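Data block below; observations after.
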Amino acid sequence: MSIIGKPRPWTHLLPQELLSHELATRLSLDSNAINLASTDFGKLIRSTPAAVLYPSSHEDIANLIKFSNVCSKPFNIAARGRGHSVRGQAMAIDGVVIDMRSLNSCGTKGSRIEVGGTSSTNFYVDVGGEQLWIDVLNVTLERGLSPRSWTDYLYLTVGGTLSNAGISGQSFRYGPQISNVYEMDVITGRGETETCSKHMNSELFFAVLGGLGQFGIITRARIALDPAPQRVRWVRMLYHDFSAFTRDQEHLISITNNINNNGGDHQLENNKGFLDYVEGSVMTDQISPSNNWRSSFFSSADHPRITSLTITKQGASSSNIIYSLEVAKYYDHLTMDTIYEELDFLLDGLSYIPGFIFTKDVSYVDFLNRVRIGELKLQAQGLWDVPHPWLSLFVPKSQILEFNSGVFHGILKHTKTTGPLLLYPTSRNM
């Protein structure tokens with residue numbers, strides 16, 4: 001059996017049995033492939049594998065794991081989608097990295113994304129773990145359907161985000177992406193393919209969801225779908241006062257939680273009772289200015305007014321930090337006549353800075369895919385492929401004011417870092 005690419009000095013790291021195994025035809029020792037699999041989005045850690053597997057089917061993955069279990073020299077194995085981990089979770093030092101995206105070439109185009117179910121039994125989509133969320137969105141929209149919960153960035157694999165959590169501004173209402181999975185096919189550490197759900201192999205199901213790829217490799221996920229909206233009314237409001245900011249966030253998600261917990265009994269006429277997306281962010285004149293790459297939300301005419309809020313006057317003791325409360329409400333042709341009234345009702349009484357509320361109307365796809373615009377801008381400037389350290393934390397309500405004081409008003413004043421600082425409000429029951 002031949003191996004893709006010229007053998008390299010680290011060939012000796014792999015057992016000789018593997019190099020003569022049937023899988024060797026799909027193993028690459030090419031230096032470019034090795035280099036790509038040695039780093040990730042965070043660019044904080046580098047771990048060089050001995051080879052990269054380009055599977056043609058999920059059986060190739062299972063056979064590789066089985067082989068490692070029985071061979072004379074077991075080796076590390078890791079699954080890699082888009083490599084958007086930040087602490088080396090998709091790396092396998094001296095072992096084999098599985099390029100999951102290679103499965104995308106299996107069968108006919110789109111065959112690894114299949115919509116099923118009915119309105120009476122609940123719609124779902126069966127998706128290969130290697131598929132990108134943007135492709136899932138496009139396929140399901142053809143049927144007028146869409147997954148409920150998203151990440152801010154859609155060019156990630158389904159298996160990758162389900163191995164973490166998948167959190168965004170919809171999580172307060174539907175939970176993270178891992179809370180919207182009906183069942184999965186998983187290849188375990190023994191190389192066995194198991195179907196699991198809340199009611200079947202549940203221990204495996206809950207271990208794999210959010211398990212950072214350490215309990216199995218997701219090859220298929222069945223994801224809940226709902227009717228897709230057509231457009232989004234997108235609003236941002238600015239705050240000086242962090243207490244007012246968090247109080248308004250908590251108020252907005254409590255409305256929806258009350259509806260969910262009461263089975264819809266308290267839902268207002270014409271669906272006025274809930275938002276579809278609630279998020280927040282920290283803005284300063286240096287760390288995350290209003291015209292940052294993350295979105296093109298604010299118009300060029302708005303930037304001077306917003307910047308005036310973040311620049312601290314010489315000798316002033318007040319902070320130059322402001323907070324942006326970001327919300328969205330979906331609608332379609334049936335609710336387009338009431339969308340303004342609904343939003344006015346929901347946002348009435350909030351404590352944002354008077355005059356600093358900004359609104360956009362965009363398509364559903366453009367809203368969900370908003371970070372892609374920023375990515376393309378940074379790629380054009382050569383600024384996307386730089387180190388992206390990232391930290392996600394759950395901070396309890398009882399500590400959030402102290403966190404703001406110690407981190408946003410403390411640590412950030414003494415750092416030169418830049419980048420988005422996001423605050424997603426949610427509740428424990430989601």
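Here the structure is a predicted model, which is why all the values come from computation and not from measurement. In what follows, every heavy atom counts, from backbone to side chain, and hydrogens, waters and symmetry copies are set aside.
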Decide yes or no for L252 and L325: does some side-chain heavy atom of the first lie under 4.5 Å from some side-chain heavy atom of the second?
yes
Could R233 and Y331 be counted as a cation-pi pair, given that NZ or CZ must be under 6.0 Å from the ring centre and within 45° of the axis?
no
Centroid-to-centroid, W234 to Y330, below 6.0 Å?
no
For the aromatic rings, using the six-membered ring if either is Trp, is the centroid distance between F408 and F403 under 6.0 Å?
yes
For A165 and P176, work out which heavy atoms get closest and say how close.
O-CB, 3.5 Å
Between T151 and Y153 (side chain of the first, backbone of the second, donor and acceptor by atom type, cut-off under 3.5 Å), is there such a pair?
yes
What I'd like to find out is whether the side chain of T161 reaches to under 4.5 Å of the side chain of I167, using heavy atoms alone.
no
Under the 6.0 Å and 45° cation-pi test, does K198 pair with Y182?
no
For a quick check under 3.5 Å, do T338 and T335 share a side-chain donor-acceptor pair by atom type?
no
Does a salt bridge link D152 with R370, judged by any charged N lying under 4.0 Å from a carboxylate O?
yes
For the pair R222 and D126, find out whether any cationic side-chain nitrogen is under 4.0 Å from an anionic carboxylate oxygen.
yes
Does any N or O in the side chain of N122 come within less than 3.5 Å of the main-chain N or O of T118, such that one atom is a donor and the other an acceptor?
no
I'd like to know if the side chain of E342 pairs up with that of Y340 as donor and acceptor (distance under 3.5 Å, no hydrogens or angles considered).
no
Find out whether M430 and S171 are in side-chain contact, i.e. whether some heavy atom of one side chain is under 4.5 Å from a heavy atom of the other.
no
Show, in sequence, the C-alpha distance, side-chain angles and deciding distance for R236 and E326, and conclude whether the salt bridge (charged side-chain N to carboxylate O under 4.0 Å, His left out) test is met.
CA-CA 4 Å; R236 283 190 179 178; E326 186 174 352; 3.3 Å; yes
Name of the residue among E194, E183, E114, E130 meeting salt bridge (charged side-chain N to carboxylate O under 4.0 Å, His left out) with R220:
E183
Checking D185 against T195: is there a side-chain donor and acceptor pair closer than 3.5 Å?
yes
Are R26 and Y54 in a cation-pi contact, defined as NZ or CZ under 6.0 Å from the six-membered ring centre and within 45° of the axis?
no
Are there more than 12 heavy atoms of other residues, nucleotides or ligands under 6.0 Å from atom CD of E402?
no
Heavy-atom side-chain contact between P49 and D94 under 4.5 Å
no
Between H409 and F242, does the ring centre distance come in under 6.0 Å?
no
Taking every heavy atom of K66 against every heavy atom of G191, the minimum-distance pair comes out as CE-O, 3.0 Å
Does the side chain of N35 pick up a donor-acceptor pair with the side chain of S38 at under 3.5 Å?
no
Quick one: closest heavy-atom pair of D385 and K43, and the distance?
O-CE, 3.8 Å
Evaluate salt bridge (charged side-chain N to carboxylate O under 4.0 Å, His left out) for E250 paired with R247, printing each intermediate quantity in order.
CA-CA 5 Å; E250 292 161 8; R247 184 171 60 249; over 6 Å; no
How close do R87 and I45 get, heavy atom to heavy atom, and via which atoms?
O-CD1, 3.2 Å
Pair D248, Y239: side-chain N/O donor-acceptor within cut-off below 3.5 Å
yes
How close do L275 and R173 get, heavy atom to heavy atom, and via which atoms?
O-CD, 3.8 Å
I want to know whether Y364 and F367 have ring centres closer than 6.0 Å.
no
Can you give me the closest heavy-atom contact between Y174 and S149, atom names plus distance?
CB-CB, 4.5 Å
Side-chain contact test, heavy atoms from C-beta onward, threshold under 4.5 Å: evaluate it for V327 versus L347 and give yes or no.
yes
One pair to check against side-chain hydrogen bond (donor to acceptor under 3.5 Å, both in side chains): N180 and Y124. What are the steps and the verdict?
CA-CA 10 Å; N180 294 276; Y124 61 83; over 6 Å; no
Walk me through it: do D276 and Q170 pass the test side-chain hydrogen bond (donor to acceptor under 3.5 Å, both in side chains)?
CA-CA 6 Å; D276 296 285; Q170 300 92 354; over 6 Å; no
Can you find a side-chain donor-acceptor pair between N320 and T310 that sits under 3.5 Å?
no
Kindly determine whether R231 and D332 satisfy salt bridge (charged side-chain N to carboxylate O under 4.0 Å, His left out), including the steps that lead there.
CA-CA 6 Å; R231 297 197 64 81; D332 54 27; over 6 Å; no
Taking the six-membered ring of F356 as reference, does the cationic atom of R305 (NZ for Lys, CZ for Arg) lie under 6.0 Å from its centre and within 45° of its axis?
yes
Looking just at side-chain N and O atoms, do S427 and N429 make a donor-acceptor pair shorter than 3.5 Å?
yes
Taking T39 for its side chain and R46 for its backbone only, find out whether a donor-acceptor pair lies under 3.5 Å.
no
Looking at M200, I want to see if its CE is surrounded by more than 12 non-hydrogen atoms of other residues, nucleotides or ligands under 6.0 Å.
yes
